[in-house]
Amino acid sequence: MSVKNQFSKYAKEYKNHNIIQQIVAKSLVRELKSQPNRILELGCGSGQVYKHISWDLDFYKAIDFPASMCELHPRAKNVEIKCFD
């Protein structure tokens, strides 16, 4: 089974098992030296990085390949989510 199929198959359960990704996402955002207004995230998954951003953004582009994971990403008027590899 391909990686894409694996993520698609377990997308709804992902948030219950991605503890390390949640810790890493929080750490990544905390360690930023600035608060950028425009962000491009490759491999956005269910939006863990986005969920830890506490400042206003002009634009956030989130990219991942399984559509089922992209469906879990938070939506907002300044968020663009694309699903492709």
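Quick caveat, the model's predicted, so the values are computed rather than measured. Just so you know, these numbers use all the heavy atoms, side chains as well, and skip hydrogens, waters and symmetry mates.
- Residues passing the salt bridge (Lys or Arg N to Asp or Glu O under 4.0 Å) test with Lys82, sequence neighbours excluded: Glu80.
- Linking ILVMFWY residues whenever their side-chain heavy atoms come closer than 4.5 Å, directly or via other members, leaves Met69 and Val79 in distinct clusters.
- With rounding to the nearest 0.5 angstrom, the CD atom of Gln22 is 6.5 Å from the NE2 atom of His52.
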For this session: Mind running side chain to side chain contact (heavy atoms under 4.5 Å, CB included) on Asn37 and Phe59 for me, showing each step along the way?
Result: CA-CA 7 Å; Asn37 291 325; Phe59 185 71; over 6 Å; no
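- Under a hydrophobic-cluster definition in which Ile, Leu, Val, Met, Phe, Trp and Tyr are linked whenever side-chain heavy atoms come within less than 4.5 Å, directly or via other members, Leu32 and Ile53 are assigned to the same cluster.
- Every residue two or more places apart in sequence or in another chain that forms a side chain to side chain contact (heavy atoms under 4.5 Å, CB included) with Ser27 is listed here: Arg30, Glu31.
- Asp56 meets the side chain to side chain contact (heavy atoms under 4.5 Å, CB included) test with no other residue; sequence neighbours excluded.
- Evaluation of the disulfide (SG to SG under 2.5 Å) test over residues 31-74, restricted to residues two or more places apart or in two chains, returns Cys70-Cys83.
- Between the CG atom in Asn78 and the CZ atom in Arg38 there is a gap of 10.5 Å [rounded to 0.5 Å].
- You'll find the side chain of Val49 stays beyond 4.5 Å of the side chain of Ile39, heavy atoms only.
- For residues 30-51, the ring-ring contact (aromatic ring centres under 6.0 Å, His included) pairs, not counting sequence neighbours, are Tyr50-Tyr60, Tyr50-His73.
- The CG atom of Leu72 lies 10.0 Å from the CD atom of Gln48; values are rounded to the nearest 0.5 Å.
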